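Taking it in order: structure first as C-alpha cells, then the write-up.
So you know, we letter chains A, B, ... as the sequences are listed, proteins then strands, and number each from 1. This is a predicted model, so every value here is computed, not measured.
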Amino acid sequence: MTQSFRLETGGLINRDKTISFKFNGKNYFGYEGDTLASALIANGVHLIGRSFKYHRPRGFFGAGVDEPYAIVQLYRNGETEPNIKATEQELFEGLEAKSVNCWPSVNFDVGAINNFLKIFLPAGFYYKTFMWPKSFWYKIYEPFIRKAAGLGTASIKHDKERYEHKYEYCDLLITGSGPSGLASAYSAAKNGAKVILAEDKSRFGGTLLTSDVNIGNQSGKEWADSIVSELKEMSNVTIKNRSQVFGYYDHNMLVMSERISDHLPKTKKYHPKQRLWYIRAKEVLISSGSIERPIVFGNNDTPGVMLSSAAKEYMKVYGVLVGKKPLVFTNNDSGYETAIEFKKNGVDPIILDTRKEPQSEIIEEAKNMNIDIKNSYVVVAAQGYKKVKSADIAKISDDKEELGSVENIKCDCICVSGFWTPTIHLASQSGNKTKFNEEIDAFVPGTSKQNEKTLGAANGIYTLEETLKDSFEKGNQLSKEITNNDNKVSFPNVVEKKSTVHDKFWCVPLPKGKNYKRFLDFQNDVAVSDIEIALKEGYRSIEHVKRYTTLGMATDQGKTSNLNGLQLVSKIENKVVPAVGHTTFRPPYSPVSIGAIVGREVGKHSKPTRKSPMHSWHEKNNAVFVDAGVWLRPRYYKRGDENLFEASKREAKNVRTNVGVCDVTTLGKIDIKGPDAAELLNRVYTNAWLKLPVGKARYGVMLREDGIVMDDGTTTRISENHYHMTTTTAQAANVLSHLEYYLQLVWPELNVNVVSTTEQWAGAAIAGPKSREVLKKLFPNSDVTNEGLPFMGYMEGDLFGVKAKIFRISFSGELAYEVNVESDYGYFMWEKIIEAGEEFGIQPYGTEALSTLRIEMGHVAGSELDGRTIPYDNSLEGLISKKKDFIGKRSLSRKAFAAEDRQKIVGVVPLDKKTSIPEGSHLVKDSNAPLPNPKLGYISASCWSVEHDNPFSLAILKDGKNMIGEKLFVMSPLKNKVIPVEIVSSHYVDPKGERVRS
Amino acid sequence: MLHIKCPHCGMRSQNEFSYGGDATVKRPELGEEISDHDWDNFVYNRKSLRGRHWELWQHLSGCRQWIKVERDTATHEIFKTLKANEDIS
C-alpha cells in the first residue's frame, strides 16, 4: 500500500480514510479528498488515455475544469457516464474508470498508427479525403471515422437517477469562491443582500488554497475558511460548492449545475444526482479567476508536460508530486512559485525562464533556496513516448528567433507557465464586448452589457491586494444600491510577494532540421502546422479557422488553447491579436449532463396527463387508452379476446342499433357571458348567431383571418346573456386565446367575458335509437320527448339530485344527447347512465367507434380541419353567412379559394368492398401513370362502415363536387397498396339527417 | 429566458407567456371595403425588424391578458410594456 508519488505530509486530503478504486481493471487506493487524477498520479499512473486524432499517449495537463486530456469513462453504482474529467471527479469508494479512445488497451493502441501517418492527417483531412464517392460517406467513411475518433460511450440504458430543476432569485450572484468571490460576497452579505455564491470545486477558496499569502495575519486558506464559515451562518447567503455557473442568458438569468451526488458511491435516498438552478440575479459578480496558458514547444503533449499551477495544486491540495525530477518552463514569476513548492518538499527543480534578467521578490526567494535557474532558456522538445524522460533545451536569442545549441537534460515532468488567461466566458456570454489588454496579453471584459461586473483575475487583476480591495468595494457598492445598508468591512492587511512583468513569449521555434509536432489544442490534436495549412488554404476569419482545424472545438472548448491559437494566426497574418478577435463563447462553460438539462421531465413526466372524472370506471371496465393531446381517452373497451377492430365495430354497431355512451369530458368548454355575447359569436362564427333563442344550441365553424377553418363545435344559449361554447379537444386552448385576443385587442368595446370551463364539467354522450328511453329513466321529471326537447334543444335536468345540463346534439348522426354535470359528479352520472341503460343494451364506446360513427356520417373532425382547408372543402359552405362579416370572411373571396374545381370532401369506397384504405393515401386517376403521378387528393380518415359492412373513407379531392361516381385509384406507396375505388357522397349514412331529428 | 413585466402582474418569466406577433398591425374594420392587396398585407405580410419592435404577448399562464411589449429583437432588451388598451406612443 505505498503511493510512490504521495508526500509524507501536507495537502488537504484526509489521510485517515483510504479509498479503493479501479482504473483500467487494476486496483489502487487514494484518500478522502482526492480527485481521480490526484489519486492516479500519487500511484505513479501518468498514462490515462489516447488522443482524439493521432492516438498519442495522454496524461494529465491541469488539475480542474481546464483539463484537455484526462477524460475517462466512469462506472458508478451500475451506471456508466462518458467524458468525465479525472481532474474533476472526486474519489469515492468503489469508483471504476476506464480509458477512452484506445483499442485494445491504453498501453497498446492500434490507432496510434495514425501518429505515424500524421503527415496524411493534416487540417481538413476528412473534408478533402472522404469526399468521393459520395455514396460511401454514410455507410463506410462516417461510421469508421466516428468509431476511430470517438471519445466515451454513452449508456443506452434508462438512467435511474433523478435530476431536479430549481428556480431562484437573488440580489447578487457570485461565480467563484476565490479571493474576489469571497471578498465581494462577504461585503454584500454584510449589507443584507441576498447572495448566492457558487464554487465549481468541492473546496472553497480558489487560489487561496495554493498561494503563499497572508491576509489579516492568517494564511490565505485560513482566511478563506473563516469567511466561508461566517457566510454559511448568514441566512441571506446561499453558498454552494460543486456548483458550476455555466451559462449567462438574457435578462440576467444564469444557469448553474449542482453536482449533489457525483462524489458519492451511490445517490442517497430522496436525493437527486444533480440539480439545475435557474437563477435570476439583480447583479452578477464574475469571479471565475484565470487559467494558466501553456507555452508551445515540440512534443508538448507528452504525458508529464503539464501546467505549472496544476503541479503546485497537486502538491498543496493533494500532497502529490507530479514528478521527482521536475523542469519548470516559464515566461513569468508563477513558475517560480511551483519550483519553490517542489523545493520545500525536498525535490530539486530546474527553472528555464525565457526572460533575460528578471528580478522580483519571488525570484529572489528562489535564488536564496539555491534553485537552479537558467535564464533565456527554452524547452525545444520533450522526449519520451508514454512519459517525459528528458527535455531538449536551448538558449534563445533576445529577439526570440534563434536557438542556441540543443542540450538534453533528464527530467520526469515539465511544468509550463505561459502566464494567465482571464476566464471571461460568462461576461462574454452576457453580451459584454471584450477588449484586449496588452499588459497581460489576453482579453478581458469590456463595457458591461447586462448587470454584470468582473472581479480579480477574471478581470486581469493579478495581485491579491488589488483584487481584495476592488472586490470588497464592488460587493459593498452593489448591495448598498439594493438594500440601502452601508456596513463597511474593514480591509485586512495583505502580505504577498511582488512579481515582475512576464515575457510575451508563447511559442518555441523549431530547431533546424527538426519537425516536431507543436500542439495548440491538446484534446483535438491541433498543431501549429494545422493552423498554418488552414491559413495557406485561404481561411482568414478566426471562426472559419476554428471550424476547419477544430481548434478549441473539443469538450474543453479550448480553455488552454484558444489564446495561443490567436497568437499564431495573428503572427502569420501579421496582425495584432485584437484585430484577429476571438471566437464566440457559448454556454455551457463546461459540459453539463443531459440528465440535468432534462430534469424531471422524463417518461410519463415529460407532459402532464389529464384524466376525466370517469377514468377509474374506464380502467375497471377494460378500457384501452389512447393519448388525445395530454388527455387519456378510452380507445375501446376490450371484451374477451377482441382486438381493436372487432371491439370498435361492436361498439359502433351497438350505437346504430341500441344505445351507447361515450366520455366526452375532454371537449373544450368555454363559458361566455355579457350583453354583447351574441355579437361576439356572430363575429367569430361564419353563420348567424343574433337570433338564436334561449334554450337552443347551434353548430358553428370559426375561421382564422386567412380563411382556413380553425375549429368547429356547438354553442348553446343558456340564458339571455349566457352561452356555453364547445370546442374540439385539440383546439380548446387556442380557441380561448383567440377569443381573448379579439376581445382585448380588436373589439374591446364588446362587453363580454370568456372563461374556460373544460375541467368544471364532466360530459357523457348518450347516442343511439334507444337513447331517449335511457334519458327518460335518468330524468323522470323532465319532458324529453321530441317535442319537449327537440334536436338542437337544451334543458336543465335533475339527475337524482344532481343538477345536469342536457343538450340534444349528435356527433354520431344518431338520436343523441350530451349530459353535463359538475366534474365531481361525473362518476356518479356515468354509473347512473350505465345502470339505466342496461335494459336497452347500453355499451360504453371509445374514440375508435366514435370515429367510425362520424366518418360514415361525413361529419368532419381534426383530420379534415387540419389547418389546410376552408369551409367549402368540408362541405360547410352552407354555414357561411352572406349578410354579415366575420373573422376570415374577406379571405374566402381570394381567387384560389373561390376556384370552380376547388378540392372538396367526398366518400371513398373500394370496388371490392373488402380492402381497407390506409389513411394518408393518395388518389390518382391512373395507377400506372409515369411518376410523378398527378395527385388528385388524399384520404383523410378511414373506417369500417358498420352500417354497410364494408370499408369507407373520407377524402379531400380536387373538384370533388363533380367527381361523385368516378372510379379512381388509391395509392399508398408506404404500404405498397393500389386500390381501385369509387367516389361517393361523404354522407354515407342517413344523408337526409332524419335520425338526429327522430 | 426573458423577464417580462406584465402590466397587471409584475415581472414574470418568459415561459409564462406566449408570443403574439407585431403589435402595430391593425385589423380592418368589419364590413370595410378593402383591396386584395391591403387584405393580404394585413393577413400575411410582416416586417422582420432588427431593433426596437412593438409586439404582442399573452400572459397565458398568468392573468391571460394580451399585452404590448417594446423589445429590441437583436438584444432582447425590453423598454416598455403596456396593457392591451393602452396606445403605443
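When Pro748(A), Ser891(A), Ser893(A) are compared by the number of non-hydrogen pairs under 4.5 Å with chain B, Ser891(A) comes out ahead. Your options are Arg890(A), Lys884(A), Lys895(A), and the one with the most heavy-atom pairs under 4.5 Å with chain B is Arg890(A). Ranked by heavy-atom pairs under 4.5 Å with chain A, the first of Ser35(B), Gly20(B), Ala23(B) is Ser35(B). Looking only at heavy-atom pairs under 4.5 Å with chain A, the residue among His76(B), Arg64(B), Gln58(B) that has the most is Arg64(B).
Lys68(B) is listed as a side-chain neighbour of Leu745(A), based on a closest heavy-atom distance under 4.5 Å. In this structure the side chain of Trp39(B) reaches within 4.5 angstrom of the side chain of Glu705(A), judged on heavy atoms. With contacts defined as side-chain heavy-atom distances shorter than 4.5 Å, the pair Asp40(B)/Arg894(A) qualifies. In this structure, the side chains of Asn15(B) and Tyr278(A) stay at 4.5 Å or more apart for every pair of heavy atoms. Using a 4.5 Å cut-off on side-chain heavy atoms (C-beta onward), Gln14(B) and His251(A) make no contact.
A donor-acceptor distance shorter than 3.5 angstrom exists from the side chain of Gln744(A) to the backbone of Trp66(B), with no hydrogens or angles considered. Counting only distance, with no hydrogens or angles, the side chain of Asp885(A) and the backbone of Leu30(B) share no donor-acceptor pair below 3.5 Å.
Contacts between Arg683(A) and chain B at a heavy-atom distance below 4.5 Å involve the side chain alone, from C-beta outward. Only the backbone of Phe886(A) comes within contact range of chain B, with at least one heavy atom under 4.5 Å from a heavy atom of that chain. Heavy atoms of Ile78(B) lying under 4.5 Å from chain A belong to its backbone as well as its side chain. Looking at Leu736(A), the atoms closer than 4.5 Å to chain B (heavy atoms on both sides) sit in the backbone and in the side chain alike. Contact annotation for Glu77(B): only backbone heavy atoms (N, CA, C, O) come within less than 4.5 Å of a heavy atom of chain A. Heavy-atom distances place no part of Lys889(A) under 4.5 Å from chain B, backbone and side chain included. Neither the backbone nor the side chain of Ser18(B) comes within contact range of chain A; no heavy atoms are under 4.5 Å apart. For chain A, the nearby part of Leu56(B) is the side chain; its heavy atoms alone come within less than 4.5 Å.
Under a cut-off of 6.0 angstrom, the local environment of NZ in Lys607(A) is crowded, with over 12 non-hydrogen atoms contributed by other residues, nucleotides or ligands. Remark: Glu29(B) CD is loosely packed, at most 12 non-hydrogen atoms of other residues, nucleotides or ligands lying under 6.0 Å away. The environment of CD1 in Ile594(A) is sparse: at most 12 heavy-atom neighbours from other residues, nucleotides or ligands sit within 6.0 Å.
When all heavy atoms of Ile887(A) and Arg27(B) are compared, the pair lying nearest together is CA-NH2, 3.8 Å. Residues Met1(B) and Tyr249(A) approach most closely at N-CB, 4.0 Å, considering heavy atoms.
Atom CE of Met253(A) is separated from atom OG of Ser13(B) by 7.0 Å, given to the nearest 0.5 angstrom.
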